[in-house]
Protein chains: 2
Amino acid sequence: MKTAKIESLLQKSNVRPTAMRILVYNFLLENEAAKSLTDLENYFDKSDRTTLYRTIKTFEDKGVVHQIDDGTGTTKYALCEQGCNCQIETDLHLHFYCNICDETVCLTDRKIPNINLPDGYTAEDANLVIKGRCEKCPE
Amino acid sequence: MKTAKIESLLQKSNVRPTAMRILVYNFLLENEAAKSLTDLENYFDKSDRTTLYRTIKTFEDKGVVHQIDDGTGTTKYALCEQGCNCQIETDLHLHFYCNICDETVCLTDRKIPNINLPDGYTAEDANLVIKGRCEKCPE
DNA sequence: ATAAATCGTGCAACAGAAGTGCATTATTCA
DNA sequence: TGAATAATGCACTTCTGTTGCACGATTTAT
Ligand SMILES: [Mn+2]
Ligand SMILES: [Mn+2]
Ligand SMILES: [Zn+2]
Ligand SMILES: [Zn+2]
């Protein structure tokens, strides 16, 4: 995707398109798998961890990315797709973690099914992670 | 529950029932909510963190407790119930995290529904956490 | 155009959770 | 009783996430 295109996308989300932010956006765009702060740190070894941290935080606040807790202990981030409404209310798609290649992907079209809770419990949010073998890791 | 009872329960799981282990077991037993290592550390302020850490690890290895990743960033532990087979294959009950009282409980009778994955993906494990308001926190 | 205000970046330092090495103490077993 | 084994406690480390503060860049007002 062209830099100009990313610039306008960021602007539409009220994120000022700095050089670093465009690079981070592009990195997330080019990778199907969700990325952690450490992933960014390793890839952009020139840039400071704090900058990347705050970049991703800004992205999250402005609804450009969403956080993923895949159970590995390190938070991952993925670009929000068009129509992703994780800011307003949690977008209830599930995530898949591959035990082989250690990558996490959004399964945006698979929604978390409604669960019937015991009396007195009310659901406000949910997180479902399926772990197994991904399509890129054949047996 | 009597100490002698806990002793024999631990022995049945091939865990030597030391004083500390019995205390930890009893603590988990008396609390409905799952507990973190820090919770144990705060409660047993006489004992060392490492001891508690290894106690809970031993419990986990021997199938006395199971780990819970509730999305808070700190791992919690809860006693395995009779018939819990989280060692052999993952016991697919779900967990509930209360946004108000910050407590996590097992919903052992609610199983994670089967999810139809895209072609090429195979599921081996799953984690579902519902977040909201628990029965002890009325509106 | 210039100055003031705001925003982004980088360095350092810190906090919390988890984990390891090693010495000491307690328990089991020959 | 003594040797072997297991449990405990202390110190230290790693990893992730987070904040304070100073400096440089960019925007906005005059
Ligand atoms: Mn996602
Ligand atoms: Mn449970
Ligand atoms: Zn894979
Ligand atoms: Zn509650």
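Note on naming: letters A, B, ... go to the chains in the order of the sequence lines (proteins, then strands), and numbering restarts at 1 for each one.
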Candidate list A/T72, A/D70, A/D69, test side chain to side chain contact (heavy atoms under 4.5 Å, CB included), partner B/D69, passing option = A/D69

ask   = Looking only at side chains, do B/D61 and B/T58 share a donor and an acceptor under 3.5 Å apart?
value = no

task = Measure up the B/F27 and B/Y43 rings against each other and bin them: parallel (under 30°), tilted (30 to 60°), perpendicular (over 60°).
result = parallel

message = Using whole Å, what does the distance between atom C1' of nucleotide D/dG17 and atom CD of A/E60 come to?
response = 13 Å

ask   = Any side-chain donor paired with an acceptor under 3.5 Å for B/Y97 and B/D102?
value = yes

inquiry  = Quick check for you: name the first and last nucleotides of DNA chain C, 5' to 3', having an atom under 4.0 Å from a heavy atom of chain A.
reply    = C/dC7 to C/dA13

remark   = Residue set satisfying side chain to side chain contact (heavy atoms under 4.5 Å, CB included) with A/S13, at least two apart, ordered chain then number -> A/V15, A/V64

A/K136 and A/E103 ion-paired at < 4.0 Å = yes

query = Among A/T55, A/I56, A/I6, A/N26, whose side chain to side chain contact (heavy atoms under 4.5 Å, CB included) with A/R21 holds?
reply = A/T55

remark   = The contact string for nucleotides 4-11 of chain D, one letter per nucleotide 5' to 3', using protein heavy atoms under 4.0 Å with B, S and - for base, sugar-phosphate only and none, comes out as --SSBBBB

ask   = Rounded to the nearest Å, what distance is computed from the CG atom of residue A/D39 to the P atom of nucleotide D/dC15?
value = 14 Å

ask   = Just wondering, more than 12 heavy atoms not from B/K5 lying within 6.0 Å of its NZ?
value = no

ask   = Within the structure, does a side-chain N or O atom of A/Y53 lie under 4.0 Å from either OP1 or OP2 of D/dG17?
value = no

query = When we call it a touch if two heavy atoms are under 4.0 Å apart, what does B/S36 touch: a base, just sugar-phosphate, or nothing?
reply = nothing

query = Please give, in whole Å, the distance from D/dT16 P to B/D69 CG?
reply = 15 Å

